[in-house]
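What follows is a set of notes on a single structure, which appears directly below.
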Amino acid sequence: PEPALPDRVNFEMVNVGAVLGVGLMAAVAMSPAATMAASVAQAEARDRKAIYGPDSRLDEAEVSAAWRAIGRSTVVVTGQSQVGWPAPYQWGTNMGFAGRPHTCSTDNRFSGQHPIGSCSGTLIAPNLIATAAHCMPATNSSCTNKIFVFNATNATVLPGRTIPTNTVYQCITVVHAVLAGGQDWAVVRIDRPVDPTVATPVTVASNQMGFGTPLLMIGHPSGLPRKYAGDASVRSVRSSGTPALNYGTDLDAFGGNSGSGVFVAGGPCYPFGAMVGILVAGRSDFNADGCPSTFNQGDAGEKVVGVINLLPYAPSNATVVPTPGCTTTRSPSAPPTAPRTPAPTMTFPAAVAAATPISCGGSATGNTALNGVHYTGQAASEVFYSLTVPSSTPVVTIDSCDSGFDTYLQLWSQTSLAQLAANPNATNINPIASNDNSAGSCAHGRHSAIARTLAPGTYIIQLEGFRSSSGVYQLNVACTAAPTPAPTYSLSGAVANAARIGCGGVITGDTSVSGVHYVGTASPEMFFKLSVLRTTTVSINLCGSSYDTYLRLWSTPALLAGGSSSASNDDASAVCTNGLHSAISRSLSPGEYTIQVEGFNSNSGVFRLNVTCSCSGALPCVTESFSPTPAPTASPTFLPTSPTAGPTAAPTPAPSAVPTLAPTNTPTAAPTSASPSTSPTTANAGAQGSSGGGSSDSTMLSIFVVVVLLVVVAVVVAAVIVVQRRNASKGVPAATKPEVTDRNVHVNPVYDSQNGC
């Protein structure tokens, strides 16, 4: 007889970005994230699914290409908000992690992966998907709030990752659904036929399965990325020969597997790959301690409804019968798997010596669940990478952004880790740096990052999971040149020589290298000038820095006089993703201000300073930042001609300016009066002048002097006009052009004259 297994009731995924750990759920108020977590917890209790014998669930990389081809036809059922509906689509940046790693005292597989949905389904026709009826509304109902996503694997489900448009489909209507009399199945129509390069319909079995038929299920347990669960078989056949046909199985199933396709797993007696059922209900998922429930292999605790009812909708179907004369009572021990690259069995010192080389600017991917071994650190398996740091680029940033689980990073000197490997119980050998969560550097706060300035040499990177988490990782390494060390100044000298920053400015630097301690916390600091021209709201933050920062804003006169800062901030969780970063927003009157970047207590490291302004009118809010070596053509956009005209654009009017201000014929008229080639009239005038004596000559000389003086005045006036035009073409009034002095700038800002960035 069929045991009383409660069918799941329909529930709506409120926010797949929630954290699904029991311990974390208790710490969150009833926000949308907490509501979603509660919904999933209730659904898991109703789903009642569990582990039978060993946990047989496998990730995408662990199964054969043949099974992955069938898995492409599987969808995760989720909501519009989880994919950023409408297009362009992407997974949320705060997705959370599944499982109960904070309450389960033993390893909880996949606890570091991201939950993304409430149910599963399978493509049975180009525009039809089969799933469980309790995952959908009633027949002929609209279901546009349901979204189906193909190719949701551990490699593609990452925080902030873009989801290809051709893998996202909207449910339009429920063609048929039955949730009564032991039946629990539905066929739904989606908004368009599925791109055949994404998935093709599966083959549906047209006949009933018998006892011992080997099974494999493909779906999304606990809403996780796609998983394959085999090592199972039909343990009982119920309601044989009726529409209510269903099977009792020992599939390893969880909440979120509802609607998963169940397939013939192949083996010595059965053909491979036809869909024979839909997983709908089963036993309890988790024990009171938060660990997965376990039952005996061979128990018939998981209910799978037959697919006879799907035949009218599935164009591809086939009869599945065992090989004549072949009998079996168990399925194969595991589904066909792709060849693994298991972590070699070696000692801790040998593993350190065999660390995989990675270079500056390089990336590496892998799977700690497959290739990692636990030697030290967290309880999880780890992998080691060897990094050689050159003297030219000693500022090193290492991160595990885009990994598929909750990571943990450690950076060791090669010598220290070798010493620890030789003496694993030592308590006085520590890494150079370690990091669990780095929201400021990675889109997802559960990924890790380390930024350090290192001496040239070889270092070992240890990548593992937090606690016992494991999975697919991506390791990234970047190396840059060291900032110029800060010169030794007095406080007034440091302020006077500070780099200037303007509206929209972004400056990065390293206080551990270029900072000096003058005032404030015990950490080294760096100063930046801000000249406010008119009343302005200025917002300053250190979001994206690599350490626990502290930010101060001073009136420059108050700073130099030993007064109090205008504003200060340690933690700004409302502004920065990482709550340990700092931010200030103030309305400032015209004047000189100084921004002080430092660390909480004695912290120091790589910072990112961001400044934005808001003021009315067209004039600038502040004096814009400038490059360390200003060029005469720094502001080409102010020239009356095209910027491509170069420095010759401004002087163009000069040659025509002089002739228009002084008559050019006047100076040449006087000398020609005595010329032999003069006209008769001029000659007569000269004859008359000879009888007039010295009076006429004196008069002519006076006229000549006056004319020369007028020409000189005209030339001077023209020269002044040319100079004024040149200054105007540079956009700087001659009387207000700022004096540029040697500021010994010890950061490398990039300045765009067009927008002040």
Side-chain angles (χ1 to χ4, degrees), residues 44 47-68 70-71 74 98-99 104 106-111 113 120 122 153-154 209 212-236 247-268 270 272-273 275-287 291-304 328-340 342 367 369-370 381 468 470-472:
E44 287 175 344
D47 256 353
R48 301 192 179 283
K49 303 177 181 70
I51 300 298
Y52 294 81
D55 188 347
S56 67
R57 293 173 298 165
L58 297 174
D59 255 322
E60 196 77 8
E62 300 177 80
V63 301
S64 67
W67 275 118
R68 289 198 297 270
I70 295 176
T74 300
C104 182
T106 59
D107 183 27
N108 190 359
R109 294 187 68 202
F110 314 120
S111 61
Q113 297 184 13
S120 304
T122 306
T153 69
N154 194 32
M209 297 300 102
T213 303
L215 303 176
L216 183 138
M217 176 179 63
I218 309 176
H220 296 267
S222 300
L224 290 170
R226 188 164 66 212
K227 299 289 179 284
Y228 300 75
D231 195 17
S233 63
V234 174
R235 310 312 300 161
S236 64
Y247 309 104
T249 74
D250 53 355
L251 287 160
D252 294 338
F254 287 78
N257 272 129
S258 282
S260 295
V262 178
F263 301 84
V264 179
Y270 287 85
F272 160 82
M275 181 175 172
V276 297
I278 299 172
L279 192 286
V280 295
R283 290 177 175 166
S284 178
D285 286 5
F286 295 97
N287 296 322
C291 298
S293 301
T294 57
F295 301 93
N296 293 328
Q297 190 85 55
D299 287 357
E302 304 301 308
K303 180 180 178 179
V304 174
T328 180
T329 58
R330 287 290 309 144
S331 65
S333 59
T337 59
R340 294 191 184 189
N367 189 333
L370 300 181
S381 298
S468 59
S470 61
V472 176

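Quick note: residue numbers are just sequence positions, from 1.
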Q.
Between Y228 and E60, does the side chain to side chain donor-acceptor pair (under 3.5 Å) criterion hold? Intermediate values first, please.
A. CA-CA 8 Å; Y228 300 75; E60 196 77 8; 3.2 Å; yes

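- Between T122 and M275, the closest heavy-atom pair is CG2-SD, 3.9 Å.
- Listed here is the closest heavy atom pair of A66 and F272: CB-CZ, 3.7 Å.
- One finds the OG1 atom of T153 at 8.5 Å from the NZ atom of K227 (value rounded to the nearest 0.5 Å).
- Among residues two or more places apart in sequence or in another chain, the side-chain contact (heavy atoms from CB on, under 4.5 Å) test is passed with T74 by I218, H220, R226.
- Minimum interatomic distance between S260 and G219 (heavy atoms only, all atoms of both residues): OG-CA, 3.3 Å.
- When atom types are taken as modelled, the side chain of Y247 and the backbone of M209 share a donor-acceptor pair closer than 3.5 angstrom.
- Remark: S258 OG to K303 NZ distance equals 11.0 Å, nearest 0.5 Å.
- Separating the CG atom in L251 from the CG atom in L216 is a distance of 8.0 Å, to the nearest 0.5 Å.
- Residues passing the side-chain contact (heavy atoms from CB on, under 4.5 Å) test with N154 are D59, Q113, P225, V472, sequence neighbours excluded.
- The two residues M217 and L279 come nearest to each other via the heavy atoms SD-CG, 3.6 Å.
- Between the N257 side chain and the S120 main chain, no donor and acceptor come within less than 3.5 Å of each other.
- Remark: side-chain polar atoms of D252 are paired, donor with acceptor, to backbone N or O of S56 under 3.5 angstrom.
- Nearest heavy-atom pair across S222 and F254 is OG-CB, 3.8 Å.
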